[in-house]
Amino acid sequence: MAKNNQNQANDDNLITLVDDKGNESLYEILFTFESEDYGKSYILLIPAGSEPEEQVDVLAFAFDPDENGDAKDAELYDIESDEEWDMVEGVLDTFLNDENMQ
């Protein structure tokens, strides 16, 4: 599980992840979505400052949204099942291949 500390000094689309060793990394929220099948909300992140054509690793987590449906101060949870990963990857593929969603 990663801690999500909203970076108040910057854009609302940026969050800081803190790993288990206390190292902080800044990420941009690519998008969030809900899955009725799994009854969860998901957040996909890319390293902050990435160029649009740059190949980067996308991080995905489940989260409990706040009362506004946001991930601002949410705990992020690892996705543990292969079926859930397949679903998240399918949503990401749709996002990357649909110009209207970007």
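Bear in mind the structure is a predicted one, so any value in this text is a computation, not a measurement.
With sequence neighbours left out, Glu28 forms a side-chain contact (heavy atoms from CB on, under 4.5 Å) with Asn13, Leu14, Ile46. Every residue meeting the ring-ring contact (aromatic ring centres under 6.0 Å, His included) condition with Tyr42, not counting sequence neighbours, appears here in chain and number order: Phe33.
Interatomic distance, OH of Tyr27 versus CD1 of Ile43, reported as 12.0 Å (0.5 Å rounding). In this structure, the separation between CG on Leu45 and CD1 on Ile15 is 4.5 Å, given to the nearest 0.5 Å. With rounding to the nearest 0.5 Å, the separation of CZ in Phe63 from NZ in Lys40 is 12.5 Å.
Of the possible donor and acceptor atoms, one in the side chain of Asn97 sits under 3.5 Å from a partner among the backbone N and O of Asp93.
Taking 4.5 Å as the limit, every side-chain heavy atom of Tyr38 sits out of range of all side-chain heavy atoms of Ile79. When side chains are defined from C-beta on, Phe95 does not count as touching Leu44, because their heavy atoms never get closer than 4.5 Å. You'll find the side chain of Leu59 stays beyond 4.5 Å of the side chain of Leu76, heavy atoms only.
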